[in-house]
Protein chains: 2
Amino acid sequence: MRILVVEDDVNLNRQLSDALKEAGYVVDQAFDGEEGHYLGETEPYDAVILDIGLPVMDGITVVEKWRAEGKGMPVLMLTARDRWSDKVAGIDAGADDYVAKPFHTEEVLARVRALIRRAAGHSSSEIVCGPVRLDTKASKASVDGVALKLTSHEFRLLSYLMHHMGQVVSRTELVEHMYDQDFDRDSNTIEVFVGRLRKKLGVDLIETVRGLGYRMQAPTDAH
Amino acid sequence: MRILVVEDDVNLNRQLSDALKEAGYVVDQAFDGEEGHYLGETEPYDAVILDIGLPVMDGITVVEKWRAEGKGMPVLMLTARDRWSDKVAGIDAGADDYVAKPFHTEEVLARVRALIRRAAGHSSSEIVCGPVRLDTKASKASVDGVALKLTSHEFRLLSYLMHHMGQVVSRTELVEHMYDQDFDRDSNTIEVFVGRLRKKLGVDLIETVRGLGYRMQAPTDAH
DNA sequence: GCGGTGCATGCGCATTCTGGTGGTCGAAGA
DNA sequence: TCTTCGACCACCAGAATGCGCATGCACCGC
């Protein structure tokens, strides 16, 4: 984890940086707004600690510029205790959190931990199989980057197959996972949907295992 | 967006709830830890405001139980100003943020906004989707720079969709986040509001995914 | 009244299901 | 090894289902 500390008070900056290094983080330091902004723009940080009152460019402006540039790393602002309106402005500018000066170093560490923990929770849920890409969160699928237009059952089928990649999935297993109880087992709906899905996918990734069911697998097949 | 306020001080609870409702949120209230924990366990909230000192079950325990149960909604803790060790404990227990009492209501609102937008993966207080622009701070929306005149429910609907851009949002999910408990699920209200919103937006950004729900997305979408 | 909201009705059509037909695969026997 | 047979599967096209939308009206608070 790499952290940027932007604080013009040299002692305070070192105090924070030392504590962070102590806690196992990699720390970069900046001492004015412009330097801080430049570093945040060019280097990939997991979190930034940013003083609100900085020479050259103030903290609010720095955050705003980062956000406008699409930089989304968590930012922890340091503010003067009594200027609560600054806090509100900072948060609305895109900061994720703030700590009022003077602070306990331990508190800053706890907040940094919380920020990093939270930021880690946004990994998108994607499954990839060869050229096929499934985004379960968005309920979307694509082949070679081209979005597929799937109906809900087709999507459910693809989803189940991709969640069990490489395994043979039986027809009854599919029925049980795609429908709620009491579905007429003597119908060929699954086969129909497999057919339609194969047609829409274009590529032949759904293998039929005769007598057992279907298996989805990447094409680079050693077997 | 639906918020839970857990605070045993009746006046404070009402003060917060009123301010939140004023800002367009749907608010549920609880007055002790057990009640709060139960509600957070059973209802889907977009954020929780949680006092640390509560009857029956204290705030730290409540958060810990939620996290242990896999509940991941953002939690804003209210703490006494001088007990900074409580803050650290609260954050490490799984709270996302805290505000020290006494606080400015405006500050709590700013922090709630920040929590919700961060939970949705946005870093600034403005969310943009093609020509549509949503200002969560000012509770305003515009298309191509022209301000929209939305009713409160229409705004809530748009807000939720834009906070979950690219994802498919089910009808029940919308109902649960736009209304407090006890709303007739067997009605087509959501569909009607989607229709009204689409008409006001003019552009066709709200895609319906048959059998699943709705998805809002920028039009120039390849990957 | 008026704007905002909730609900009922009915229609159009995408989606899903069904039955049938023809094709394919695999095993067993010649 | 080749042939034959039966089981299994793919595909088609029509039918039925039920989802989503527009419309209009009732209600409620202001």
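All values below come from the heavy atoms of this structure, side chains included, with hydrogens, waters and symmetry mates left out. Protein chains get the first letters and strands the later ones, always in sequence-line order, with residue 1 at the start of each. All figures in this text were calculated on a predicted structure; none of them were measured in a lab.
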Atom-pair distance (CD1 on I190(A); C1' on dG19(C)), nearest Å: 17 Å
Below 4.0 Å: OP1/OP2 of dC17(C) and any side-chain N or O of T189(A): no
Heavy-atom protein contacts under 4.0 Å, nucleotides 3-17 of chain D, coded B base, S sugar-phosphate only, - none: ----BBSBBB-----
Length of the line joining F193(A):CZ and dT18(C):C1', which is rounded to integer Å: 12 Å
K200(A) atom NZ, over 12 foreign heavy atoms within 6.0 Å: yes
Atom pair distance, as rounded to whole Å: CG in L197(A) and P in dT15(C): 14 Å
Protein-nucleotide distance (E154(B), atom CD; dG6(C), atom P), rounded to Å: 11 Å
Plane angle bin for Y179(B) and H153(B) - parallel if under 30°, tilted between 30 and 60°, otherwise perpendicular: perpendicular
Most 5' of R156(B) and R156(A) on DNA chain C, judged by nearest nucleotide: R156(B)
Presence of salt bridge, K65(A) and E69(A), under 4.0 angstrom: no
Over 12 foreign heavy atoms within 6.0 Å of CD, E173(B): yes
Closest non-hydrogen atom pair between L157(A) and V194(A), with its separation: CD2-N, 3.8 Å
Stepwise side-chain contact (heavy atoms from CB on, under 4.5 Å) check, D204(A) with R198(A): CA-CA 7 Å; D204(A) 191 30; R198(A) 279 207 256 243; 3.9 Å; yes
Stepwise salt bridge (charged side-chain N to carboxylate O under 4.0 Å, His left out) check, D96(A) with R118(B): CA-CA 7 Å; D96(A) 298 272; R118(B) 173 54 73 173; 2.4 Å; yes
Bending between helix ends of the helix from dG1(C)-dC30(D) to dA30(C)-dT1(D) [5 pairs per end, 10° resolution]: 30°
S152(A) side-chain N/O to dA14(C) phosphate OP1/OP2 under 4.0 Å: no
Side-chain donor-acceptor pair present, Q167(B), S139(A), cut-off under 3.5 Å: no
Candidate pair Y214(B) and R171(B), rule side-chain hydrogen bond (donor to acceptor under 3.5 Å, both in side chains), full reasoning: CA-CA 8 Å; Y214(B) 300 93; R171(B) 236 171 305 277; 3.1 Å; yes
Whole-Å distance separating the CG atom of L157(B) from the P atom of dG6(C): 12 Å
Value in whole Å for how far the P atom of dT24(C) lies from CD of E207(A): 18 Å
